[in-house]
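What follows is a single structure, written as structure tokens, with notes after it.
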Amino acid sequence: MGAAYPTLDDILEEDMHHWYTKFMKESPSGLITLFELRTMLDMNGMTEEASSYVEQVFLTFDMDRDGYIDFVEYIAAISLLLKGEINQKLKWYFKLFDQDGNGKIDKEELETIFKAIQDITRSYDVPPEEIVTLIYEKIDVNGEGELTLEEFISGAHEHPDIMDMLGKMMDLTNVLEIILNGQQKRAIN
């Protein structure tokens, strides 16, 4: 008989207790509001784009649209960010980028999100305009100035450099670290 390896369910179960404890320490009510998320991320002095981005992240994770992120939504978000399959992440990125909800991403939406991400991460290596231009040159095959979900996903798969860039830009590990560090600082005080 072979060695018993932990399944994904076992790993999630272990992590579940960890995340539930952290969630309840930060939000004893069992719900996170947009205001609380901004507080966790220490949004003082952030640009309007960064604030808008956090609101868009909040809305994509508030799956039932009740104005709160409950534990189930929270753990779904953590699971997606840390363990999600690439197509799941690409669909989430698309939903995040599609600020007006029309099912297409235009250049302005994408540039706004990238500026906001840079403001939050304080990483300004590549100007957002250059990133957007590169993405649209390679992925917008019809030259419409908009990307559908299908174009976005297939384009990202066809161009490893874009997939890599999106992965780096959309890596929210640092945001999770800010939340966790904020929880630890408040627990000490």
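Please read all numbers here as calculations on a predicted model, not as lab measurements.
- Ionic pairing of D161 and K138 is present here: one or more N-O contacts between side-chain nitrogen and carboxylate oxygen are shorter than 4.0 angstrom.
- Under the 3.5 Å distance criterion, the side-chain polar atoms of Q88 are matched with a main-chain donor or acceptor of E85.
- One hydrophobic cluster, built from ILVMFWY side chains closer than 4.5 Å, cannot hold both L31 and L34; they sit in different ones.
- Within 6.0 Å of the CD atom in E108, the count of heavy atoms belonging to other residues, nucleotides or ligands does not exceed 12.
- Without hydrogens or angle criteria, N87 side chain to K91 main chain gives no donor-acceptor distance under 3.5 Å.
- For the atom pair D140 CG and D106 CG, the distance stands at 11.0 Å (nearest 0.5 Å).
- Ring orientation note: the planes of F94 and F152 are tilted relative to one another, at an angle of 30° to 60°.
- At a threshold of 4.5 Å between non-hydrogen side-chain atoms, the residues I105 and Y136 count as touching.
- With a 4.5 Å cut-off on side-chain heavy atoms, I69 and E36 do not count as touching.
- Ion pairing of K104 with E109 is absent here, as no side-chain N (NZ or NE/NH1/NH2) approaches a carboxylate O to less than 4.0 Å.
- Taking the side chain as every heavy atom from C-beta outward, M63 and V72 never approach each other to under 4.5 Å.
- Counted within 6.0 Å of NZ on K107, heavy atoms from surrounding residues, nucleotides or ligands total 12 or fewer; the atom is thus considered open.
- Between L90 and L166, some side-chain heavy-atom pair lies under the 4.5 Å cut-off.
- Taking the side chain as every heavy atom from C-beta outward, E55 and R38 approach each other to under 4.5 Å.
- Shortest non-hydrogen contact noted between T60 and V57 is OG1-O, 2.8 Å.
- The closest side-chain heavy-atom distance from L147 to I135 is below 4.5 Å.
- In this structure, CD1 in I113 is found 4.5 Å from CG in L96, a value given to the nearest 0.5 Å.
- We find the NE2-CG distance between H159 and L134 to be 9.0 Å, quoted to the nearest 0.5 Å.
- In this structure, the separation between CZ on F114 and CD on E130 is 13.0 Å, given to the nearest 0.5 Å.
- Separation of atoms CD (Q99) and CG (L59) is listed at 10.5 Å; rounding is to 0.5 Å.
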### Task
Go through the steps to decide whether F58 and F35 satisfy the test ring-ring contact (aromatic ring centres under 6.0 Å, His included), and finish with yes or no.
CA-CA 10 Å; F58 181 88; F35 176 79; over 10 Å; no
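- Atom CG of N142 and atom CD1 of I139 lie 12.5 Å apart (nearest 0.5 Å).
- With contacts defined as side-chain heavy-atom distances shorter than 4.5 Å, the pair Y20/Y74 does not qualify.
- Two residues are said to be in side-chain contact when any heavy atoms from C-beta on lie closer than 4.5 Å; I32 and Y68 fail this criterion.
- Of all heavy-atom pairs spanning P128 and K115, the tightest one is CG-CG, 3.5 Å.
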### Message
For a side-chain contact (heavy atoms from CB on, under 4.5 Å) check, start with the C-alpha distance between K95 and D98, then their side-chain angles and the critical distance, and finish with the verdict.
### Response
CA-CA 5 Å; K95 187 176 178 183; D98 183 17; 6.0 Å; no
